[in-house]
Amino acid sequence: MAELKNLTKRSENYSQWYNELVVKADLAEQSAVRGCMVIKPYGYAIWEKMQRQLDDMFKATGHVNAYFPLLIPKSFLSREAEHVEGFAKECAVVTHYRLKNAEDGSGVVVDPAARLEEELIIRPTSETIIWSTYKNWIQSYRDLPILCNQWANVLRWEMRTRLFLRTAEFLWQEGHTAHATREEAEQEAVRMLNVYADFAENYMAMPVIKGVKTESERFAGAIDTYTIEALMQDGKALQSGTSHFLGQNFAKAFDVQFLDKENKLSYVWATSWGVSTRLMGALIMSHSDDNGLVLPPHLAPIQVVIVPIYRNQEQLAAISEKAEAIAADLRKRGISVKYDNADNKRPGFKFADYELKGVPVRLVIGGRDMENNTIEVMRRDTLGKETVSCDGIDGYVAGLLEEIQKNIFEKARKFRDANIRIADNYGQFKEIIEEGGFILAHWDGTPETEARIKEETKATIRCIPDGFDTTPGVCMVTGKPSARRVLFARAY
RNA sequence: CGGGGCGUAGCGCAGUCCGGUAGCGCGCCUGCUUUGGGAGCAGGUGGUCGCAGGUUCGAAUCCUGUCACCCCGACCA
């Protein structure tokens, strides 16, 4: 098997492998703007498949799409005290609305006369602009619930950025819902977390642990933050989606009240939930190998590529006829196929390139196959090759795609499960954390202890997980009572 | 913001110490031969050396200033 000489191996430098892979697989690249990426067509095609699936799932759970402004009046952000504290340090601010030619002819400068009365914040998230709007939409219990989602870009001025995992500008969706009762809002937050988990596992083939964040890891302004946590191949955790129960915090901040059936005035209950282009990073780091990307068939822009091998134009014509027929059969089954008959690249180049790009199944037809009515099938997940009959190839490939989808999920799940360990004392914890992976350990429930663990080990509490061991114990650090084991890891 | 790098052809780099005609590999273009795992040969294309000053007969190279980006930390989806 030809190895991609130019791609750093995961075992040598995982971080470098990731950075190189994103660029070499044509997913994204650094832009001329600090911390902001260009998502290239192939990477964007994957994001579009994610979007389409998620959007369908949101619609199926009763949500509708809307769009709110990019710019938020500065005063809005400060209405909710915790919210502004959480985001203030990473906000970009619009202060002027006009440029003018510099007097020395050196270009354009900001026109000082065009200073904005009130500065505008480029949204780091949209709770404030949306709740200021919801105030106008809600008077009665009959106006509830509001179940809105928006697909948008947001900007957070991060100190250090990495393609997809942490960029200053990123694409995401943010759902913002308004409810008449606490129970309904809490159910909504949990429902959407389940949607995320479903998407992660059945489309991204990425196993996740659901749970709730501790106070110090909570979203700024939330009562509860639910999360899905995934484990990357290097043993670090990645928070892959969050769903927040916001209580009445934003309703109170923006004075959003409604009259209930008893003609009583009360504040509206809220949730918000989001996933971002960070999922692209999660997808890459969950499955890919030293030969390049490994994409789950459910999200691969190209599910099957067909490569012809020929000696002359006459033979190519014959092979093309057969390949196009097979492609047509596959497309009838809803499979996306690329027939690559480009004459300017040799087969070996194409093989390596499609492996790098993670195309799940590769079909090869050459002279030998034409004689025998066979075709070579290669699956990207195992790199295994076999030669099969062309008869019924469409059904065979359809089945293989599902098998690959299952196989990469199982592989990731086994890796994840093998890397959930239990620590019964702090010494043991410190040893295990160096090996990476999740650790289930007892904690006394205080932010102080959590902060100390983070300071000393760089590990954070990813969540208080659903399930696992719920028996009480004593904190591994302080020896104080612990309600149950919580999930630790070093994280992205 | 602290520490470390880097800026020279589309990409990756050498040249800078010690000033003297702008180099290499890949790519790209043309042609021929090739095509079952990143093709070979031949010919060709391409750069005001990040920007602005200064020193000098002469600056990619020395000096001053400035900007950008990358990596490691603190911060975070």
Side-chain angles (χ1 to χ4, degrees), chain A residues 1-7 13 15-16 19-20 23-24 29-36 85-91 104 106-107 124-125 153-174 196 213 216-220 225 227-230 237-244 272-282 291-292 307-313 315-316 319 340-356 362-372 374-376 378 383 385 387 454-455 458 460 491-492:
Chain A
M1 189 60 54
E3 294 214 347
L4 287 159
K5 300 179 191 77
N6 297 330
L7 187 62
N13 185 337
S15 178
Q16 195 178 330
N19 288 334
E20 286 179 9
V23 172
K24 287 178 194 288
E29 62 189 27
Q30 297 289 350
S31 73
V33 184
R34 193 209 81 106
C36 296
E85 196 188 324
F87 287 103
K89 284 178 288 184
E90 51 191 36
C91 284
D104 63 3
S106 61
T125 180
N153 56 342
V154 288
L155 190 73
R156 297 179 188 177
W157 209 267
E158 300 290 349
M159 297 294 187
R160 269 191 67 208
T161 59
R162 287 187 75 190
L163 294 174
F164 290 122
L165 294 175
R166 182 170 300 105
T167 46
E169 181 190 12
F170 56 94
L171 306 184
W172 77 346
Q173 57 70 216
E174 47 182 326
Y196 289 153
K213 288 286 186 188
S216 48
E217 296 280 331
R218 219 175 263 157
F219 176 77
T225 289
T227 178
I228 51 172
E229 297 286 327
L238 184 74
Q239 177 177 309
S240 303
T242 48
S243 180
H244 316 291
S272 68
W273 29 273
V275 294
S276 71
T277 37
R278 180 179 240 203
L279 288 181
M280 292 286 294
N291 288 310
V307 178
I309 293 171
Y310 52 92
R311 297 193 177 279
N312 51 54
Q313 290 303 311
Q315 190 182 26
L316 174 60
I319 290 172
D340 186 355
N341 62 349
D343 196 30
N344 56 4
K345 292 193 173 64
R346 299 172 78 257
F349 182 93
K350 293 177 184 176
F351 295 167
D353 196 46
Y354 289 115
E355 277 161 29
L356 179 62
R362 184 186 76 213
L363 303 178
V364 178
I365 315 183
R368 290 203 301 264
D369 299 299
M370 290 299 280
E371 285 173 24
N372 302 328
T374 56
I375 191 162
E376 184 189 87
M378 195 211 71
L383 297 172
K385 281 193 276 199
T387 300
K454 183 177 180 181
E455 171 74 26
K458 291 181 182 165
T460 50
Y492 277 99

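FYI, side chains are in, hydrogens and waters are out, and symmetry mates aren't considered; it's all heavy atoms of this structure. Note on naming: letters A, B, ... go to the chains in the order of the sequence lines (proteins, then strands), and numbering restarts at 1 for each one.
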Under a 3.5 Å limit for both distances, which nucleotide forms a Watson-Crick or G-U wobble pair with [N], could you say?
N: B:U16; value: none
N: B:G38; value: none
N: B:U21; value: none
N: B:U64; value: B:A52
N: B:C1; value: B:G73
N: B:G46; value: none
N: B:A59; value: none

| message | So, under a plain 3.5 Å distance rule, would you say the side chain of A:Lys458 forms a donor-acceptor pair with the base of B:G73? | response |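 Result: no qualifying N/O pair found.
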| message | Looking at A:Lys24 and A:Leu7, would you say the former's side chain and the latter's main chain have a donor-acceptor pair under 3.5 Å? | response | no
| field | Donor-acceptor under 3.5 Å (A:Asp353 side chain, A:Phe349 main chain) | value | no
| Per A:Arg278 side chain, nearest of listed nucleotides B:A74, B:A77, B:G38 |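 Of B:A74, B:A77, B:G38, B:A77 is nearest to the side chain of A:Arg278.
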Whole-Å [atom1] distance, [N] and [M]:
N: B:U48; M: B:C32; atom1: P; result: 33 Å
N: B:A74; M: B:U61; atom1: P; result: 38 Å
N: B:G73; M: B:U64; atom1: P; result: 32 Å
N: B:G37; M: B:C41; atom1: C1'; result: 22 Å
N: B:G15; M: B:G7; atom1: P; result: 10 Å
N: B:G58; M: B:C62; atom1: C1'; result: 13 Å
N: B:C11; M: B:G65; atom1: P; result: 30 Å
N: B:C24; M: B:G5; atom1: C1'; result: 23 Å

| message | According to side chain to side chain contact (heavy atoms under 4.5 Å, CB included), who are the partners of A:Lys89, at least two apart in sequence or on a separate chain? | response | none
| Listed by chain and number, what are the side chain to side chain contact (heavy atoms under 4.5 Å, CB included) partners of A:Ser240, not counting sequence neighbours? |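 Once residues adjacent in sequence are excluded, the partners of A:Ser240 under the side chain to side chain contact (heavy atoms under 4.5 Å, CB included) criterion are A:Met206, A:Ile228, A:Ala230, A:Leu238, A:Leu279, A:Ala282.
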Just checking [X]: base, sugar-phosphate only, or nothing, at a heavy-atom cut-off of under 4.0 Å?
X: A:Phe170; answer: base
X: A:Thr167; answer: base
X: A:Glu158; answer: base

Can you tell me the distance, in whole Å, between the [atom1] atom of [X] and the [atom2] atom of [N]?
X: A:Gln30; N: B:A68; atom1: CD; atom2: C1'; value: 13 Å
X: A:Leu165; N: B:A77; atom1: CG; atom2: P; value: 13 Å
X: A:Arg162; N: B:C69; atom1: CZ; atom2: P; value: 18 Å
X: A:Phe164; N: B:A77; atom1: CZ; atom2: P; value: 19 Å
X: A:Asn344; N: B:G27; atom1: CG; atom2: P; value: 13 Å
X: A:Glu90; N: B:C1; atom1: CD; atom2: P; value: 17 Å
X: A:Leu356; N: B:G37; atom1: CG; atom2: P; value: 19 Å
X: A:Lys350; N: B:G38; atom1: NZ; atom2: P; value: 14 Å

| request: Assign a letter to each nucleotide of nucleotides 30-36 of chain B from its 5' end: B, base within under 4.0 Å of a protein heavy atom; S, sugar-phosphate only; -, no contact. | output: ----BBB
| With sequence neighbours excluded, residues passing ring pair (Phe, Tyr, Trp, His ring centres under 6.0 Å) with A:Phe170 |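 Listed in chain order: A:Trp172.
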| ring pair (Phe, Tyr, Trp, His ring centres under 6.0 Å) against A:Phe87, all qualifying residues, sequence neighbours excluded | A:His83, A:Phe219
| Does a sphere of radius 6.0 Å around CD in A:Glu85 hold more than 12 heavy atoms from other residues, nucleotides or ligands, not counting ones at 6.0 Å or beyond? | no
| field | Contacts of A:Asp369 that satisfy salt bridge (charged side-chain N to carboxylate O under 4.0 Å, His left out) - sequence neighbours left out | value |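 Not a single residue meets the salt bridge (charged side-chain N to carboxylate O under 4.0 Å, His left out) criterion with A:Asp369.
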| message | Ignoring hydrogens and geometry beyond distance, is a side-chain donor-acceptor pair present between A:Arg162 and A:Ser15 at under 3.5 Å? | response | yes
| query | Which sits closer to the 5' end of RNA chain B, A:Asn19 or A:Glu169, going by the nucleotide each is nearest to? | reply | A:Asn19
